[in-house]
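Because the structure is a prediction, the values reported are computed rather than measured. Throughout, a chain's letter reflects where its sequence line sits, starting with A, and its residues are numbered from 1.
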Amino acid sequence: MSGKIVVGYDGSAAGRRALDFALARAKAQGASVLIAHVLEWSPYSFLTPDELEERHVRRKEEMARAESAVIAPMLEKIADSGVEIETVIKYGKIAEKLTEIAKEVGAMQLVVGRDGESSLAARVFGSTAGTLVQIATVPTTIVP
Amino acid sequence: MKTYIRAAMAAYLLMAGATSAQGIDATINQAFADYTGWYVSFIFAPIPGTTFSWIAMWLVVAAVIFTLYFGFIQFKGFVHSIKLVKGDYSDPNDAGEVSHFQALATALSGTVGLGNIAGVAVAVGIGGPGATFWMVIAGLFGMATKFTECTLGVKYRNEYPDGTVSGGPMYYMVKGFKERGLPGGGIMAVIFCFFTILGALGGGNMFQANQAHAQIANVFGDFPGYITGTVLALITFAVIVGGLKSIARVTEKVVPFMGIFYVAISLFILMMNADQIGWAFGQIFMGAFTGLGVLGGFTGALIQGFRRAAFSNEAGIGSAAIAHSAVRTKEPVTEGYVALLEPFIDTVVICTMTALVIVITGVLNQDPETGLYIWNAELGRIQTDGAVSGVALTSAAYAREFAWFPVLLMVAVVLFAFSTMISWSYYGLKAWTYLFGEGKTKEVIFKMIFCLFIIIGASANLGPVIDFSDAMLFSMSIVNIIALYFLMPIVKAELTSYVKRLKSGEIKKFV
């Protein structure tokens, strides 16, 4: 069968572990992998007038940087995996955006990593992995 | 960077010298009064036979005309405005661009400020509780003015090849007039920018610094204003010249919460006095039509209310059109919808809160027998506990319920003043670069002048200077509203097309 596995990748070691896990599953099942890089963004944040003016330019720069610094080097490393790979860069709340992407492409599975540290912030506001457990609409694997 | 610091130091020494020498103060006052007094008197001149300044009338009449012309858009479009701010109509693929919410929040932090706290107290102190009623009415009409100017601001903004945008009245004056085949757009834009620069240095800067110092001195006791001015100027300098974005970012984040907190405390005080809310509304309605003992009766209340609303939410001044133009949208009208919430939040919600608390806490002295307010003819306002007015009256009203309130109010006033200054430094800069062209050196020159004026504003009592700068702020509205009258058919066409496509489902809802 040919399905799609969406993996959340942010350039961290945990992200790399999630990606390796997804690649192994994809290879075994003959599925493809969609690497999703989400830039944390809220349309309800507060910006100064200068930031408003430059926002469009900054966004372009951020997208380019994500592409060249996060996605491109990784694609190079996994080029010989033999799995069909696509990439996507989006803005939004990470957990929500990943769920949305998975739904959009009809993914059979969603894979994310977690760094295992339980910071105070994560306890108060919840972590990406924790939120996904609650809101994901496709089977989700959290790779420790 | 080093040269900037040296220049700032030199400026500081200069100012410190100036303020310590009272003679120079007096000289500046006199010179300003001599040369600009006629203009100030002209702008704030009353309509013959009344005490109502024609400039406030100019703003209110415009608001009424726009309201009628756009068929009460502020009521019909209110729900749609909220949906737009929530992002219901925003394309998810545009995430990361400036949202409607962000444009609104930034514009609001430029308008919510001392007017809401100190200005309202002045209005209620002179016009009685009835002023509140007229203030709300004027605020509701002002929503249509904002709708008009911000739609045009987005429609005629400049988008540069590098992706940055610049918008505002100067752009719709030039491009809009050209499109309609009307002459004079270029001249109006230049006049508007000239007034904007002076308004930014005045109402958007000196007045703010001056009042921030007043409230700090109110809490800590009197000390020289140039100290407050220098500190504020250095922080502003670090932000707008040194590029220290973090301070601006912190302010932008704290100010909205300060505003929410202010409303929450007001609501709390109102709930604590829940049994008197009915009475307070009675006072407001009765006062609106009879004056309840204030000078001039019904008209006294009306004048104060209208004035406060017009001067507080900046509807018609043109500043908001600059702030709103950075939003990412294909439909200029959507930003108009969003902008109409601004006078609502600023005037109808926040100003009203201040007014209600002042009325309900009973700091305005009433004659227990007649129920009329006691008029202090000597001070020209209603008699209050401690005979205070302005920010001190607001402070006293809230302090009746919470003793710690003056300290909080001080923090709020300083933050509001600072965020207003940051916003106005931007508006002023936009006008400056429009007149003199873009360029690092030219921009730094304006920013340095701006910081200098903070110190001037906070130092000593430069009454005539501040009057003059207020006059400049309202002069912006003369050219701006004339332009709005000529361009409103364009807004109407945009609105009609938008509403049609919204109904047909061509404009999609994403949520």
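In this structure, OG on Ser425(B) lies 7.0 Å from CG on Asp50(A), to the nearest 0.5 angstrom. Distance check: Leu52(A) CG to His324(B) NE2 gives 10.0 Å after rounding to the nearest 0.5 Å. If you take OG on Ser99(B) and CG on Leu47(A), they are separated by 7.5 Å, rounding to the nearest 0.5 Å. Annotation: the span from Phe46(A) atom CZ to Leu104(B) atom CG amounts to 9.5 Å, rounded to 0.5 Å. Atom CD1 of residue Ile322(B) and atom CD of residue Glu53(A) lie 11.0 Å apart, to the nearest 0.5 angstrom. Here the CD-OG1 distance, from Glu51(A) to Thr106(B), works out to 8.5 Å after rounding to the nearest 0.5 Å.
Of the two parts of Val85(B), only the backbone, made up of N, CA, C and O, holds a non-hydrogen atom closer than 4.5 Å to a non-hydrogen atom of chain A. When heavy atoms are compared at a cutoff of 4.5 Å, Asp94(B) approaches chain A solely by way of its backbone atoms N, CA, C and O.
Within 6.0 Å of CZ in Phe257(B) there are 12 or fewer heavy atoms belonging to other residues, nucleotides or ligands.
Of the listed residues Ala105(B), Pro256(B), Ala103(B), the one with more heavy-atom pairs under 4.5 angstrom with chain A than any other is Pro256(B). Of the residues considered (Glu159(B), Glu97(B), His100(B)), Glu97(B) shows the highest number of contacts with chain A, using heavy-atom pairs under 4.5 Å.
Here the shortest heavy-atom pairing between Pro49(A) and Ser423(B) reads CG-CA, 4.1 Å. Gly96(B) approaches Arg55(A) most closely through the heavy-atom pair O-NE, 2.6 Å.
Using modelled atom types and a 3.5 Å distance limit, the side chains of Gln102(B) and Tyr44(A) yield no donor-acceptor pair.
Listed by sequence position, the residues of residues 71-85 of chain A in contact with chain B number zero, using a 4.5 angstrom heavy-atom cutoff.
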